[in-house]
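Along the sequence shown, the residues carry numbers beginning at 1. All ligand and atom numbering here is 1-based and tracks the order in the structure.
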Amino acid sequence: MTKTIGHFIGGKRVEGKSGRFGDIFNPNTGELQAKVALASQAEVRAAVANAKAAQPEWAAKNPQVRARVMMKFLELANAHREELALLISMEHGKTIPDALGDLQRGLEVAEFCTGIPHLLKGDFTDGAGPGIDMYSMRQPIGIAAGITPFNFPAMIPLWKAAPAIACGNAFILKPSERDPSCPMRLAELFLEAGLPPGILNVVNGDKEAVDAVLDDPDVGAVGFVGSTPIAEYVYSRGTSHGKRVQCFGGAKNHMIVMPDADMDKAVDALIGAGYGSAGERCMAISVAVPVGEATADALVAKLIPRVEKLKVGLSTDREADYGPLVTKAHLDKVKSYIDLGVKEGAKLKVDGRGFKMQGYENGFFLGGSLFDNVTKDMRIYKEEIFGPVLSVVRAKTYEEGLTLANDHEYGNGVAIFTRDGDAARDFASRVQVGMIGINVPIPVPLAYHTFGGWKRSAFGDLNQHGPDAVRFYTRTKTVTSRWPSGIKEGAQFSIPTMR
Ligand code: NAD
């Protein structure tokens with residue numbers, strides 16, 4: 001009997017009622033390992049109704065009480081790190097050390113949220129006019145929702161749920177239907193930490209559930225992370241109903257390698273950032289841009305043996321560089337991009353398509369691939385591949401490298417490797433991308449800063465986590481007050497009587 005995964009609503013696991021299910025595969029073996037219930041519109045509506053009933057009492061708790069729930073959750077999640085990492089690894093396919101990192105980067109946002117009493121302190125102007133004071137406070141939206149991608153099943157649900165609930169909202173999480181087990185377990189741990197039932201609900205599903213969230217009149221804010229076409233769709237449908245929506249989309253992150261860069265460090269960086277997690281990261285480097293022919297020749301010569309030597313292994317092999325891809329469909333898509341690159345005339349220096357994992361021939365494994373002489377008109381340059389494939393685009397000058405990054409439709413992350421502070425400073429100032437690394441390949445900002453791309457990598461104005469998350473999950477209320485003068489004199493010392 002195949003295991004089934006339902007939903008987490010009202011503080012408990014419940015079975016799906018729609019009769020529709022999605023398949024969850026073991027990416028190491030290729031076998032079906034579970035079925036996940038896909039919620040109907042009515043099930044989403046019921047979860048929202050549940051959240052609506054629970055939210056006012058939660059919002060009325062003082063913020064220190066909410067912070068203490070977050071502290072207890074952190075204690076529990078840390079105690080269950082290995083269990084959570086295994087859940088991630090067995091559905092996503094990332095290695096256990098990488099899954100532990102996925103969890104850690106999510107928990108760091110929960111740590112930030114333990115400061116919610118301080119973060120929710122308002123502003124006050126004493127004497128804004130004669131006898132007038134003015135103050136503003138931030139109050140929760142009510143019910144917020146998060147729709148998250150497959151590639152960070154702990155980190156991104158926590159980036160969304162932790163700030164939302166710390167601010168006093170109830171939250172509906174619609175995680176990826178490809179790896180829902182870790183988000184379900186996180187919700188259970190929140191309950192164990194003292195979060196009241198109904199404040200964090202996990203509704204599994206596909207487009208039907210997403211549409212139900214977007215159309216629900218009681219959901220006030222929606223945060224989305226996933227591919228750009230869906231991000232754009234969620235943004236327009238959600239905002240058309242007057243909701244507050246922030247959507248983070250796809251990426252094509254460039255790394256400019258200047259002639260003065262430390263070439264060994266640049267190669268290390270490209271190997272980790274290009275192939276780690278099988279390239280299934282929105283901050284993966286997928287385009288290397290060496291500046292000048294000599295830099296390009298040296299870089300490619302050093303990259304080839306390193307890509308050939310990548311250790312692809314089972315997701316449970318702690319020594320592996322990366323594990324299998326998430327699904328057969330995704331594996332086929334990535335392979336088809338490699339076929340396309342060859343047809344488009346790029347030089348395939350390392351071909352990972354033939355890789356087979358001995359004993360696991362049906363697993364979704366793919367060796368590392370490296371393309372040289374990729375040009376900006378090719379589809380393998382323009383589109384997000386989201387696999388262990390690195391493209392080298394040769395630039396003649398620094399300006400040409402900068403222009404490549406600026407002209408690309410995506411603007412999530414970018415990096416420059418150089419020893420020249422002036423070049424780095426100019427780059428950081430002029431590049432049209434949201435997150436910049438200077439000799440750092442994956443510049444994911446820490447929890448107390450904010451995360452977000454530019455151009456078609458993000459829709460909406462505020463970023464994820466850090467102070468922006470508190471703004472996104474709350475509304476400002478501003479009070480202007482004047483008091484009539486009261487009785488300050490004429491105290492009565494004799495006992496009041498009714499005469
Ligand atoms: P995806 O767009 O397929 O799915 C994301 C979410 O949208 C899932 O919950 C899914 O169920 C839902 N969804 C899918 N199709 C839908 C539809 N037609 N209508 C409504 N909802 C739908 O993305 P994915 O494959 O899970 O994740 C990979 C993508 O996410 C990549 O493009 C990656 O760059 C991006 N990503 C971006 C960031 C960022 O912060 N910018 C972070 C991580 C991942």
(message) With a 4.0 Å cut-off on heavy atoms, is Gln464 in contact with ligand 1?
(response) yes
(message) Taking only non-hydrogen atoms of Gly249, do any sit less than 4.0 angstrom from ligand 1?
(response) yes
(message) Once you restrict to heavy atoms under 4.0 Å, what part of Met283 touches ligand 1? Side chain, backbone, both or neither.
(response) neither
(request) Report the part of Thr148 (side chain from C-beta onward, or backbone N, CA, C, O) that has a heavy atom under 4.0 Å from ligand 1; answer both or neither where that applies. (result) backbone
(message) Counting only nitrogen or oxygen atoms and a 3.5 angstrom limit, does Glu177 reach ligand 1?
(response) yes
(message) Under the side chain to side chain donor-acceptor pair (under 3.5 Å) definition, can you give me all pairs with a residue in residues 179-188, not counting sequence neighbours?
(response) Arg13-Glu188, Glu83-Arg185, Glu91-Ser181, Arg185-Glu188
(request) Scan residues 216-245 for pairs that pass ring-ring contact (aromatic ring centres under 6.0 Å, His included), counting only residues two or more places apart or in two chains. (result) none
(request) Check each atom of ligand 1 against the heavy atoms of Ile156 and keep those under 4.0 Å away; list them by number with element. (result) 42 (C), 43 (C)
(message) List ligand 1 atoms under 4.0 Å from Val225, heavy atoms only on the residue side.
(response) 5 (C), 36 (N), 37 (C), 38 (C), 39 (C), 40 (O), 42 (C), 43 (C), 44 (C)
(message) Please list, in number order, the atoms of ligand 1 under 4.0 Å from a heavy atom of Arg178.
(response) 3 (O), 24 (P), 25 (O), 26 (O)
(request) Give the residue and atom name of whichever protein heavy atom lies nearest to atom 23 (O) of ligand 1, and the separation in Å to one decimal. (result) Ser227 N, 3.5 Å
(message) If we set the cut-off at 4.0 Å for heavy atoms, which region of Asp211 has an atom near ligand 1: side chain, backbone, both, or neither?
(response) neither
(message) Tell me the contacting part of Thr228 for ligand 1: side chain, backbone, both, or neither, using a 4.0 Å heavy-atom threshold, strictly below.
(response) neither
(message) Using a 4.0 Å heavy-atom cut-off, which part of Phe386 comes near ligand 1: side chain, backbone, both, or neither?
(response) side chain
